[in-house]
Amino acid sequence: MSLDDLGLIPTIKRYADFFYEETGIEVNVKILSIEANLDIYRNLTVFRIIQESLNNIKKHSHAKRVVILIEANKKRFNLVIKDNGKGFDMNELNNSDESMDSGYGIIGIKERAKLLDGILEIKSDISKGTKITLTFPMEREDESHEQGFNNDSR
Ligand SMILES: Nc1ncnc2c1ncn2[C@@H]1O[C@H](COP(=O)(O)OP(=O)(O)O)[C@@H](O)[C@H]1O
Ligand SMILES: [Mg+2]
């Protein structure tokens with residue numbers, strides 16, 4: 001609801017404030033540049049990825065600080081979510097006995113990234129923290145046709 005009214009960035013900032021009040025974990029939202037806006041569907045997908053990442057940070061990380069970086073140029077949208085918590089071993093995540101009932105959060109994040117034709121990377125270092133990087137194109141090929149843009153690369 002607030003996504004549609006306020007737009008993505010103010011909604012993220014407001015959510016970050018709520019998150020701080022609830023958890024005491026500071027979230028610094030840095031907008032490097034916004035040269036273009038996303039449609040409602042992508043706004044929601046990005047917001048859900050941020051929500052699930054912050055949820056994991058609250059649940060698992062023992063972090064004190066989170067930085068969310070956003071940069072959107074006309075071609076690509078780039079998002080980084082970085083915490084200074086305890087980190088985790090990605091291998092353990094994949095091989096864990098509990099992988100049947102735990103681990104849907106990260107799977108969900110990856111699924112959402114795929115829906116955006118995006119590339120998602122998770123880097124985690126024990127004791128240094130966790131960094132999630134998402135990058136996706138502002139428009140899909142089929143959409144750029146619909147809107148009558150020419151693709152320079154062809
Ligand atoms: N920011 C984080 N800091 C530390 N550990 C994390 C973080 N995010 C995820 N994890 C680890 O990855 C596991 C899988 O996360 P997820 O797929 O969301 O499942 P769940 O949160 O249900 O355990 C978590 O159980 C936790 O061990
Ligand atoms: Mg989770």
Side-chain angles (χ1 to χ4, degrees), residues 1-73 75-140 143:
M1 326 111 264
S2 76
L3 259 180
D4 294 346
D5 304 339
L6 299 175
L8 180 64
I9 304 302
T11 305
I12 292 170
K13 286 183 171 166
R14 207 176 66 163
Y15 193 79
D17 291 342
F18 283 137
F19 186 80
Y20 173 69
E21 276 165 32
E22 192 196 329
T23 64
I25 303 170
E26 255 178 64
V27 183
N28 186 355
V29 181
K30 289 190 192 169
I31 311 303
L32 302 182
S33 72
I34 294 283
E35 283 178 43
N37 287 309
L38 297 175
D39 58 42
I40 299 170
Y41 165 72
R42 288 188 183 78
N43 270 348
L44 185 62
T45 306
V46 168
F47 187 66
R48 290 279 182 252
I49 288 172
I50 290 173
Q51 264 185 323
E52 179 52 34
S53 301
L54 287 177
N55 192 31
N56 274 345
I57 289 167
K58 172 171 81 181
K59 247 166 73 180
H60 307 296
S61 77
H62 300 290
K64 297 254 183 324
R65 280 172 52 87
V66 178
V67 178
I68 297 178
L69 294 175
I70 291 175
E71 198 242 329
N73 57 45
K75 294 236 150 116
R76 297 194 77 79
F77 188 99
N78 303 306
L79 167 72
V80 177
I81 305 163
K82 203 164 57 174
D83 72 61
N84 70 346
K86 69 184 175 81
F88 65 103
D89 185 341
M90 297 283 298
N91 296 321
E92 259 171 46
L93 179 69
N94 300 331
N95 305 331
S96 149
D97 292 341
E98 296 160 344
S99 60
M100 292 306 283
D101 44 69
S102 144
Y104 282 118
I106 286 177
I107 288 173
I109 289 172
K110 288 183 176 163
E111 289 296 319
R112 289 183 197 278
K114 247 190 240 168
L115 294 173
L116 299 170
D117 292 335
I119 300 166
L120 185 98
E121 278 173 9
I122 302 177
K123 243 191 117 223
S124 196
D125 279 322
I126 303 292
S127 84
K128 279 192 192 158
T130 301
K131 181 175 171 181
I132 294 180
T133 309
L134 170 71
T135 172
F136 61 89
M138 290 299 287
E139 280 180 24
R140 296 178 197 212
E143 284 173 351

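For clarity, every value in this text was computed on a predicted model and none was experimentally measured. Remember, it's 1-based here, ligands and their atoms both numbered in the order they're listed.
Taken to the nearest 0.5 Å, the CG atom of Asn78 stands 8.0 Å off from the CG atom of Leu134. Taking CG of Asn73 as the start and CD1 of Ile34 as the end, the distance is 10.0 Å to the nearest 0.5 Å. Ile70 contributes atom CD1, which lies 5.0 Å from atom CD1 of Ile50 (distance to the nearest 0.5 angstrom).
The pair Lys75-Glu139 does not count as a salt bridge, with every side-chain nitrogen at least 4.0 angstrom from each carboxylate oxygen. A salt bridge does not link Arg14 to Asp17: none of the charged nitrogens lies less than 4.0 Å from a carboxylate oxygen.
When each of Leu44, Val46, Ile12 is tested with Leu3 by the rule side chain to side chain contact (heavy atoms under 4.5 Å, CB included), just one qualifies, namely Leu44.
Listed by number with element, the atoms of ligand 1 under 4.0 Å from a non-hydrogen atom of Ile57 are 1 (N). Set against the non-hydrogen atoms of Glu52, the atoms of ligand 1 under 4.0 Å away are 18 (O).
The minimum heavy-atom distance linking Ile109 with Ser53 is given by the pair CD1-OG, 3.6 Å.
Looking at Gly105 next to ligand 1, an N or O pair under 3.5 Å apart turns up. Any N or O atom pair closer than 3.5 Å counts here, and Ile107 shares no such pair with ligand 1.
Ring pair Phe77/Phe136 is parallel by interplanar angle, where below 30° counts as parallel and above 60° as perpendicular.
Residue-environment remark: CG (Asn37) stays at or below the threshold of 12 foreign heavy atoms within 6.0 Å. By the 6.0 Å contact criterion, CD1 on Ile40 is open, its count of non-hydrogen atoms from other residues, nucleotides or ligands being 12 or less.
At a heavy-atom cutoff of 4.0 Å, ligand 1 is contacted by the side chain of Thr130 but not by its backbone. When non-hydrogen atoms are compared, ligand 1 lies under 4.0 Å from neither the backbone nor the side chain of Asn55.
For the ligand labelled ligand 1, residue Lys86 lies outside the 4.0 Å heavy-atom shell.
Nearest to atom 22 (O) of ligand 1 by heavy-atom distance, out of His62, Lys59, Lys58, is Lys59.
Excluding waters, the set of protein N, O or S atoms lying under 2.8 Å from the Mg ion (ligand 2) comprises Glu52 OE2, Asn56 OD1.
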